[in-house]
Amino acid sequence: MPELPEVETTRRGLAPHLEGHTVCSATVRQRRLRWPVEPDFERRIAGARILKLERRAKYLLVHTDRGCAIWHLGMSGSLRLVEPGAEVRKHDHVDWVLDSGLCLRFHDPRRFGALLWTDSDPAAHDLLAHLGPEPLSEEFCGDYLFRVSRGRRQAVKTLIMDGRVVVGVGNIYASESLFLAGIRPDRAAGTISRARYGRLTDAIKQVLARSIEQGGTTLRDFIGGDGKPGYFAQQLNVYGRTGERCRQCGGPVRDMVLGQRSTFFCRRCQR
DNA sequence: CCCGATTCCTGTAGGC
DNA sequence: TGCCTACAGGAATCGG
């Protein structure tokens, strides 16, 4: 599914084809996404000139001279440029026809994605206004996590997956980061030392940066037809490896449920 | 305020 | 082989 690295990869891939171009027209085939696409979205975007593509958390912001479109890919969404006249497949919910002749197409089987419009600063939009810092920013550091975790009894894994604390840390990266930092996912956030939060923020930055370098390869990118995960899965230390041997100590990888999310860890390497 | 549970949706995996 | 069910997950929102 699109994690932060994949959204960033999407942004980098689309930017040269979108920035400076005009949206001639838009077609919305399915309005019922995570939130309904507003009725006059097509009218608002038609004729708009795209100024810049920006990523904030897992949102892709398309700044235009008329306002800003806010995309979210949910967990099964993708944005691709297709040739005009390309066959429309099931779950192809939105098209933007560009003045270049290319078409920006949104495909999203599970419809957890969203397409919103705002006439004002998107940072002030309800969905963005209360988000925590970007994980790759300097603001996100051990001191910060230490400070915001004081007095909290919730598990550290659910803390780092809380978008008000830090954005873009999905379920896979949360387990992987905690493994790299040697911290048990269910440790109460408020009892973890400043030094260990330093190691955790380093681990989060490392795992996200490495994934961006790989073009955001995720679990759902397959090699061959056997359903086996792709490149990135080969680098996973614990995610989805229940019962297999820990790469570090050889012990069995364990799983548990935290905040209704499957969670993977090694009892010996994480405390 | 804090935090766990519920909700949206459909493709896929696992059980029988 | 095929049907049926459980499950996965981002993140807002509800409920205690």
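As a basis for the values below, the full set of heavy atoms in this structure was taken, side chains included, without hydrogen atoms, waters or symmetry mates. Chain identifiers are assigned alphabetically (A, B, ...) following the order of the sequence lines, protein sequences preceding nucleic acid strands; residue numbering begins at 1 within each chain. Given the structure is predicted, the values throughout are model-derived calculations rather than measurements.
Here B:dT10 presents its P atom at 9 Å from CZ of A:F112, a figure rounded to the nearest Å. As rounded to whole Å, 10 Å separates atom P of C:dA11 from atom CG of A:L73. One can place CZ of A:R56 at 16 Å from C1' of C:dG10, the figure rounded to the nearest angstrom. Per the geometry, CZ belonging to A:R150 stands 16 Å off C1' belonging to B:dC2, to the nearest Å. We find that CE of A:M75 is positioned 13 Å from P of B:dT10, with the value rounded to whole Å. Nucleotide B:dT12 holds its P atom 8 Å from the CZ atom of A:R110, rounded to whole Å. Straight-line distance from the NE2 atom of A:H107 to the P atom of B:dC9: 17 Å, rounded to whole Å. Atom C1' of nucleotide C:dG10 and atom CD of A:E3 are separated by 9 Å, given to the nearest angstrom.
A 4.5 Å side-chain heavy-atom check between A:L178 and A:Q270 finds at least one atom pair inside the cut-off. At least one side-chain heavy atom of A:R111 sits less than 4.5 Å from a side-chain heavy atom of A:L33.
In the hydrophobic clustering, where aliphatic and aromatic side chains (Ile, Leu, Val, Met, Phe, Trp, Tyr) are joined below 4.5 Å either directly or transitively, A:Y59 groups with A:W35, A:L61, A:I70, A:L116, A:L127, A:L128, A:L131, A:V167.
In this structure, the salt bridge (Lys or Arg N to Asp or Glu O under 4.0 Å) partners of A:R29, at least two apart in sequence or on a different chain, are A:D95. For A:D99, the side-chain hydrogen bond (donor to acceptor under 3.5 Å, both in side chains) partners two or more places apart in sequence, or in a different chain, are A:H21. With sequence neighbours left out, A:D162 forms a salt bridge (Lys or Arg N to Asp or Glu O under 4.0 Å) with A:R164. Qualifying ring-ring contact (aromatic ring centres under 6.0 Å, His included) partners for A:W71, counting only residues two or more places apart in sequence or in other chains: A:W96, A:F106. Residues meeting the salt bridge (Lys or Arg N to Asp or Glu O under 4.0 Å) test with A:K157, sequence neighbours left out: none. By the side-chain hydrogen bond (donor to acceptor under 3.5 Å, both in side chains) test, A:T191 is found to be paired with A:R187, residues two or more places apart in sequence or in another chain being considered. Residues meeting the ring-ring contact (aromatic ring centres under 6.0 Å, His included) test with A:Y197, sequence neighbours left out: none. By the salt bridge (Lys or Arg N to Asp or Glu O under 4.0 Å) test, A:R11 pairs with A:E8, sequence neighbours left out.
Contacts of residues 255-265 of chain A with DNA chain C (heavy atom under 4.0 Å): A:R261, A:S262. Within a heavy-atom distance below 4.0 Å of DNA chain C, the residues of residues 28-37 of chain A found are A:R34, A:W35.
Comparing B:dT10, B:dC3, C:dG10 by their nearest atom to the side chain of A:H91 picks out B:dT10. Closest contact between the side chain of A:K58 and the listed nucleotides B:dG4, B:dG11, C:dG10 involves C:dG10. Nearest nucleotide to the A:Y59 side chain, out of C:dA12, B:dC3, C:dG10: C:dA12.
End-to-end axis angle of the helix from B:dC2-C:dG16 to B:dC16-C:dG2, using five pairs per end and rounding to 10°, comes to 60°.
Using a 4.0 Å heavy-atom distance criterion, A:L127 is classed as a sugar-phosphate-only contact.
Side-chain N/O atoms of A:S211 and A:Y173 include a donor and acceptor closer than 3.5 Å.
Between A:H130 and C:dA12 there is no side-chain polar atom (N or O) within less than 4.0 angstrom of OP1 or OP2. Between A:Q154 and B:dC2 there is no side-chain polar atom (N or O) within less than 4.0 angstrom of OP1 or OP2. The side chain of A:H72 places no N or O atom within less than 4.0 Å of a non-bridging phosphate oxygen (OP1 or OP2) of C:dG10.
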